[in-house]
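Fair warning: this is a prediction, and the values are worked out from it, not measured in the lab. A, B, ... follow the sequence lines: proteins, then strands. Residue 1 opens every chain.
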Protein chains: 2
Amino acid sequence: MEDGTFKSLGYCESTADDYDVKQWDTREDCEVRQILDRVADKWSLLVIALLDCQSLRFTQLRREIDGVSQRMLSVTLRHLERDGLVSRTVHPVVPPRVDYALTPLGRTLHQTIKALVIWTEEHQQEIARARADYDARREMMDA
Amino acid sequence: MEDGTFKSLGYCESTADDYDVKQWDTREDCEVRQILDRVADKWSLLVIALLDCQSLRFTQLRREIDGVSQRMLSVTLRHLERDGLVSRTVHPVVPPRVDYALTPLGRTLHQTIKALVIWTEEHQQEIARARADYDARREMMDA
DNA sequence: CGGGATCCGGAGGGATACTG
DNA sequence: CAGTATCCCTCCGGATCCCG
C-alpha cells in the first residue's frame, strides 16, 4: 500500500520488444519471495493439504505425513500458525489435546494448494515418462 | 492405472465417522510426494513463474531471479528439463545461446503456479499482520 | 556465454531424552 | 499427549575454477 514498490500482477500481456523482461518483483528481500519460500516448503504443503476441511491433532498429523519428524512437524506448525494460516486450539484436559485447523486465510490458500496436488496426481504418468526418456537419452550419450 | 494403489482424489467429501482420516497417499516413496517435492522447490517455482509465455536465456534467468547461484539455476533447469516441464534449445552459434521455455506440460503447471503467486501477492498484508501479531504476543509472554 | 566439476561451510533436519 | 531442548551429522547450496 505504502508505495509502488511492487510491480505485482504485471504478468504476461505486453511482450513490448526487448525493453524489460522482468514482470514482477523477484528481489530476494521481497515479501512475496519470502512467503513463497514458506509456501514452497514440502512439509507446509502437506500439512495444508491434509487439513482440508477437518481439524487434526498433532499425533494424527504425524501419522498421516509419512517421514516427518516430530521436530519438523512442530516447527512447520508454528510457522503456519505465525503466518495466520493454521489455528492452534489447546483443550484444557488431561492428557492434553491440541487441534490444528485451517484459518479462513489458510482455507483460501488451500484452494490453490489443492489444485497443485491434483495437478501432480493427474500428470504423474507424463512426468514419469519424461524422466524415463531423459534418463534413457543420457545413458545413450554416456555409452 | 495398473492397480488401485493411489487413493488420489478422495479429498474431502465423506467425513465418515472416525474410520480413516487419510485421504490420499502420503507415503514418502509415493510418486506424488516426489513430484510435489520438486514443485515445492523455491527455485523451480520462480523459474516456472518467470517463463510465463516467453523463453529466456540462462543469463537472463540468472539476472531475473535475484539470489540464485549459477549452480542452483543450472541444477534446477536440468531437473525441470528431466521432468519434461521445461525445454532446452541450443542454438549452434558462437557465442553459445541456449533458450529455455515451458513445454506444453509445463504450461499446464504454470497455471496453478501462477495462482499461487497471485495468492501470495493478494494476501501479503494479511500474512504480514498475522506475523506481527504473533511476534507481539510472543514478546508479551516472554516479558 | 552456458554451464560442469570440485571444495567446503552452515543450516536443515533426524534421533534421543526430558517436561508439563 | 504435545511438545521443547540438545546433540550431531548430512547435504544443500555458495564460491571458485575451468572448459567447449
Picking from D:dG14, C:dC1, D:dG3, the nucleotide nearest the side-chain atoms of A:V98 would be D:dG3
Query raised in the report: Counting only side-chain N and O atoms of A:Y100, is one of them less than 4.0 Å from OP1 or OP2 of D:dC1?
Result: no
Exactly one of A:R88, A:H91, A:Q60 clears side-chain hydrogen bond (donor to acceptor under 3.5 Å, both in side chains) with A:D99, and that residue is A:H91
A:M72 atom CE is separated from D:dA2 atom C1', nearest whole Å, by 17 Å
Rounded to whole Å, CD1 of A:I65 lies from P of C:dG14 at a distance of 12 Å
Sorted by position of nearest nucleotide on DNA chain C, 5' first, the leading residue of A:K42 and A:P96 is A:K42
Testing D:dT16, D:dG14, D:dA2 for proximity to the side chain of A:F58, the answer is D:dA2
Please state whether the phosphate of C:dT6, meaning OP1 or OP2, lies under 4.0 angstrom from any side-chain nitrogen or oxygen of B:R71. no
Taken to the nearest whole Å, CG/A:L56 to C1'/D:dG3 is 17 Å
For D:dT4, take OP1 and OP2 only and decide whether either is under 4.0 Å from a side-chain N or O of A:S74. yes
In whole angstroms, the gap separating C1' of D:dA2 from CG of A:L61 amounts to 12 Å
Whole-Å distance, A:Q70 CD to C:dG14 C1', equals 9 Å
Atom CG of A:L73 and atom P of C:dG14 are separated, to the nearest Å, by 11 Å
Tell me whether the OP1 or OP2 atom of D:dT4 has a side-chain N or O from A:R78 closer than 4.0 Å. yes
*Any side-chain heavy-atom pair of B:L45 and A:D37 under 4.5 Å*: no
Tell me whether the side-chain N/O atoms of B:R57 come closer than 4.0 Å to OP1 or OP2 in C:dC1. no
To the nearest angstrom, the CZ-P distance between B:R62 and C:dC1 comes to 12 Å
Presence of A:R88 side-chain N/O under 4.0 Å of D:dG3 phosphate oxygens OP1/OP2: yes
Exercise. Side chains of A:K42 and B:L36: closer than 4.5 Å at any heavy-atom pair?
Worked result: no
Using modelled atom types and a 3.5 Å cut-off, is there a donor and acceptor pairing between side-chain atoms of A:R33 and backbone atoms of B:D66? yes
Here the distance between atom P of C:dG3 and atom CG of B:L80, to the nearest Å, is 13 Å
